[in-house]
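Please read the structure below before turning to the comments.
All heavy atoms count here, side chains included; hydrogens, waters and symmetry mates do not.
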Amino acid sequence: GRVSYGDNEKIRITHIIGNSLHTALIGSSEYTPLHTLESPGKGDPETQGMYAYVWDKHDDIYTAEHSGGSFHHSSFTSGSKVKCAGMIRVSNGKIQAVNNNSGHYRPSKRYLLNFVRFLMGRDVFEKGPGNRITTMVGYEPGTPPVSMDQFLNPAPPVRRPAVPSRAGRPPIPGRAG
């Protein structure tokens, strides 16, 4: 089937009320805490319990169940540019996981980082003991998500020691040079 653009009966506008995500169908004023855990996602274990989202240029967040073949990330804005897009898992308004898994927009890690920072200032991530954020972030297709700490403060890349140049030195004995 063809991708649906503007199928508003599925799209939810998602606002941050207090310190949690609340959502309402487009055109409705009845906001409830966003809860995605029953969603099939994209039909794979990695996106189980997740909705598709886009974050637009006006800082609005739109969410809906992803429906392969008929409703995609580009359906939210009829294919217009967005700041970030991916999948999001939310329990009673608190984000458990977020990623940049969007086949249409393919946002880089930088765009996901901007979205995460936007959300950080609004205290909408799930927290555990010690008020630590427990939200997982995925940004590399095919690799497991990482903790928020690992996403925001990645370990520096392992650097191989430089191999000294042999230029200007005599050849190593026993090797053709």
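Closest non-hydrogen pair, R12 versus Y51, comes out as CD-CE2, 4.2 Å. Across M148 and V116, no two heavy atoms sit closer than the pair SD-CG1, 3.5 Å. Across all non-hydrogen atoms, the minimal contact from P33 to N92 is CB-C, 3.9 Å. Residues I88 and T36 approach most closely at O-OG1, 3.7 Å, considering heavy atoms. Closest non-hydrogen pair, I16 versus L21, comes out as CG1-CD2, 3.5 Å. Minimum heavy-atom separation, A85 to P107: O-CG, 3.2 Å.
Atom CZ of F125 is surrounded by more than 12 heavy atoms from other residues, nucleotides or ligands within 6.0 Å.
A salt bridge links D59 with K83: the closest approach of a Lys/Arg side-chain nitrogen to an acidic carboxylate oxygen falls below 4.0 angstrom.
Here R132 pairs with D149 under the side chain to side chain contact (heavy atoms under 4.5 Å, CB included) rule; sequence neighbours left out.
The hydrophobic clustering, which links ILVMFWY residues whose side-chain heavy atoms are closer than 4.5 Å, places Y31 and V124 apart. Hydrophobic clustering (ILVMFWY, side-chain heavy atoms < 4.5 Å, transitive): I26 and Y53 are in distinct clusters. In this structure, F115 is not a member of the same hydrophobic cluster as M87, with clusters built from ILVMFWY side-chain heavy atoms closer than 4.5 Å. Clustering ILVMFWY residues whenever any of their side-chain heavy atoms sit less than 4.5 angstrom apart, transitively, puts L119 in a cluster other than the one holding M136.
A cation-pi arrangement, defined by a distance under 6.0 Å to the six-membered ring centre and an angle within 45 degrees of its axis, is present between R122 and F118.
Proximity of the aromatic rings of F151 and Y139 is defined here by a centroid distance below 6.0 angstrom, and this criterion is met.
Between the side chain of K94 and the main chain of N19, a donor-acceptor pair closer than 3.5 Å is present. Listed for the R89 side chain is a donor-acceptor partner under 3.5 Å among the backbone atoms of Q48.
Side-chain contact between K127 and T135: absent, with no pair of heavy atoms (C-beta onward) separated by less than 4.5 Å. Contact annotation: the side chain of V82 never approaches that of W55 to less than 4.5 Å [non-hydrogen atoms, C-beta and beyond]. Between L25 and E30, every side-chain heavy-atom pair lies at or beyond the 4.5 Å cut-off.
I17 contributes atom CD1, which lies 9.5 Å from atom OG1 of T23 (distance to the nearest 0.5 angstrom). Distance CD/Q96 to OG1/T134: 7.5 Å, rounded to 0.5 Å. Going from atom CD1 of I13 over to atom CD1 of I61 covers 8.5 Å, rounded to the nearest 0.5 Å. Distance SG/C84 to CG/N100: 6.0 Å, rounded to 0.5 Å. The distance from the CD atom of E140 to the CG atom of L112 is 10.5 Å, given to the nearest 0.5 Å. If you take CG on L34 and NE2 on H15, they are separated by 12.0 Å, rounding to the nearest 0.5 Å.
Side-chain contacts under 4.5 Å among hydrophobic residues (ILVMFWY), followed directly or transitively, place L37 with no other residue at all.
Among the candidates V98, N99, V90, the single residue satisfying the side-chain contact (heavy atoms from CB on, under 4.5 Å) test with M50 is N99.
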Subject >> Derivation and outcome, side-chain contact (heavy atoms from CB on, under 4.5 Å), residues L152 and L113 >> reply: CA-CA 8 Å; L152 295 173; L113 182 60; 3.6 Å; yes
